[in-house]
Amino acid sequence: MLCNEITKKIEERYPKQYAMEWDNVGLLVGRCDKEVKRIYIALDATDEVIGDALNWGADLLLTHHPMIFKGMKRVTDQDFIGRRVLKLIQNDMAYYAMHTNYDVKGMAQLAGEYLEMEEQEVLEVTAQEEGAIEGIGRVGLLKSEMTLKECCQFVKKALGLPNVKVFGDLNQIVRRAAVSPGSGKSVISCALKKGADVLITGDIDHHEGIDAVSQGMMIIDAGHYGTEYIYMEDMRKFFEANFPEIQVRTAKVQQPFQIL
């Protein structure tokens, strides 16, 4: 199977036009006519991920976060991104990133399903075509009323996480929830407008957390990685359904930091 045949199928399901203007998605390194027999899926194109993909013999590396984000004026071994690009090229491994287009067309609904949310609707609208609304995150009802503490335990179990960070009164009852995988700073106002009792997301700092609570909304920070690693398993299923002849491997699920 050629690389461009695979990317065409990806873009049919997750069109690039749904990505934010500032984003960088699509085939970022490699040949369109590359023969692909093995695909390695990860959240980030780290040195470890690239090494594992090469050792396994992957022909295509697929990540959620783009390794090349800002403009590059040169590709040399003088910086870590340049070295990674060179390693991919030298080993003839193609590299594809699907970021906010996947957030809109996949991650939002997927996260809501993991959290068993009912009556889901788009949290932050980013596109509307022929009456269909698309966007970042979801807001809806939890399966039942619960305390914020119970909600934290539920989120940990649903996403398989060792811990979460929480802002708010642990005894407060919550039912209407918003979820925005990754960094959810920008959707706090949307979640408030949608009447969410709690926002489940990642990358919330001190001021954002206490300010949200002051406005009547609790926050569960389950981490950027903790709310997005579900992408890997979802895309593995996508390839197995659409390209059963191709071997697929996902990176090991591992938090990128430790709490001591």
Side-chain angles (χ1 to χ4, degrees), residues 9-10 13-15 18-20 23 25 39-46 48-49 52-53 60-67 96-118 120-124 126 134-143 151-166 177-187 191 196 198-204 219-243 248-257:
K9 178 62 71 172
I10 293 173
R13 174 63 181 83
Y14 308 99
Y18 285 97
M20 304 298 103
D23 206 359
V25 300
I39 299 174
Y40 190 99
I41 306 171
L43 205 65
D44 298 277
T46 63
E48 180 181 6
V49 161
D52 285 346
L60 172 64
L61 171 62
L62 184 88
T63 69
H64 180 49
H65 299 133
M67 178 181 67
Y96 190 97
M98 44 192 304
H99 190 207
T100 50
N101 55 323
Y102 178 82
D103 286 338
V104 171
K105 297 295 288 184
M107 188 83 82
Q109 185 70 25
L110 182 65
E113 291 170 359
Y114 265 77
L115 297 174
E116 302 176 28
M117 289 169 54
E118 303 170 352
Q120 292 188 47
E121 60 181 277
V122 173
L123 177 57
E124 180 185 15
T126 60
E134 301 285 359
I136 301 293
R138 291 290 186 269
V139 61
L141 299 177
L142 296 170
K143 58 183 181 180
C151 190
C152 288
Q153 296 299 328
F154 171 67
V155 170
K156 286 167 60 177
K157 182 178 180 181
L159 296 176
L161 304 176
N163 50 61
V164 295
K165 182 170 69 174
V166 58
V179 60
S180 183
S183 180
K185 301 174 184 180
S186 65
V187 302
V198 60
L199 169 62
I200 301 158
T201 188
D203 293 349
I204 299 298
I219 290 187
I220 297 174
D221 186 333
H224 198 127
Y225 183 90
T227 54
E228 286 195 332
Y229 78 90
I230 55 177
Y231 154 86
M232 295 189 291
E233 179 64 14
D234 188 46
M235 287 308 298
R236 183 187 66 79
K237 292 178 180 178
F238 171 85
F239 286 119
E240 289 181 349
N242 289 279
F243 303 101
V248 180
R249 177 176 290 188
T250 60
K252 180 182 178 181
V253 175
Q254 183 177 345
Q255 291 282 354
F257 61 88

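As the structure is a prediction and not an experimental result, all values here were calculated from the model.
- Residues passing the side-chain hydrogen bond (donor to acceptor under 3.5 Å, both in side chains) test with Arg236 are Glu233, Glu240, sequence neighbours excluded.
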Show which side-chain atoms of residues 110-117 pair as donor or acceptor with protein atoms under 3.5 Å away, not counting sequence neighbours.
none

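- Annotation for Lys237: atom NZ does not count as buried by contact number, only 12 or fewer foreign heavy atoms lying within 6.0 Å.
- Atom CD1 of Ile39 and atom CZ of Phe238 lie 9.0 Å apart (nearest 0.5 Å).
- Using cut-offs of 30° and 60° on the angle between ring planes, the pair His64 and Tyr231 is tilted.
- Between His224 and His65, the closest heavy-atom pair is NE2-NE2, 3.3 Å.
- At least one side-chain heavy atom of Arg138 sits under 4.5 Å from a side-chain heavy atom of Val122.
- Atoms CZ and CD1, from Phe243 and Ile10 in turn, are 7.0 Å apart once rounded to the nearest 0.5 Å.
- Proximity of a side-chain donor or acceptor of Asp221 to a complementary backbone N or O of Ile204 within less than 3.5 Å is detected.
- Gln255 meets the side-chain hydrogen bond (donor to acceptor under 3.5 Å, both in side chains) test with no other residue; sequence neighbours excluded.
- In this structure, CD in Glu228 is found 6.0 Å from NE2 in His99, a value given to the nearest 0.5 Å.
- Annotation for Ile136 and Leu123: closest pair O-CB, 3.3 Å, computed over non-hydrogen atoms.
- Listed by chain and residue number, nothing satisfies the side-chain hydrogen bond (donor to acceptor under 3.5 Å, both in side chains) test with Ser180 (two or more places apart in sequence, or in another chain).
- The two atoms that bring Leu159 and Gly226 nearest to each other are CD1-O, 3.8 Å, heavy atoms only.
- Once rounded to the nearest 0.5 Å, the distance linking CZ of Arg13 with NZ of Lys105 reads 6.5 Å.
- Taking all atoms of both residues into account, the shortest heavy-atom contact from Tyr96 to Met98 is CE2-CB, 4.1 Å.
- Put simply, CD1 on Ile200 and CG on Leu142 are 6.0 Å apart, with the number rounded to the nearest 0.5 Å.
- Of all heavy-atom pairs between Ala196 and Ala177, the closest is CB-C, 4.4 Å.
- Of the possible polar contacts, none joining the Thr250 side chain to the Ile41 backbone as a donor-acceptor pair under 3.5 Å is found.
- Under the 3.5 Å distance criterion, the side-chain polar atoms of Thr227 are left unmatched by any main-chain donor or acceptor of Gly202.
- Proximity of a side-chain donor or acceptor of Asn101 to a complementary backbone N or O of Tyr14 within less than 3.5 Å is detected.
- When the shell of 6.0 Å around NZ of Lys9 is examined, it contains 12 or fewer heavy atoms from other residues, nucleotides or ligands.
- Here the side chain of Asp234 pairs no donor or acceptor atom with the backbone of Ile230 at under 3.5 angstrom.
- Residues forming a salt bridge (Lys or Arg N to Asp or Glu O under 4.0 Å) with Lys156 (at least two apart in sequence, or on another chain): none.
- In this pair, Tyr225 and Tyr229 present their aromatic rings parallel. The plane angle is below 30°, not in the 30 to 60° band.
- When all heavy atoms of Val25 and Thr100 are compared, the pair lying nearest together is CG1-N, 4.5 Å.
- Applying the side-chain hydrogen bond (donor to acceptor under 3.5 Å, both in side chains) criterion to Asn163, with sequence neighbours excluded, gives no partner residue.
- Ile220 CD1 to Leu199 CG: the interatomic distance, rounded to the nearest 0.5 Å, is 9.0 Å.
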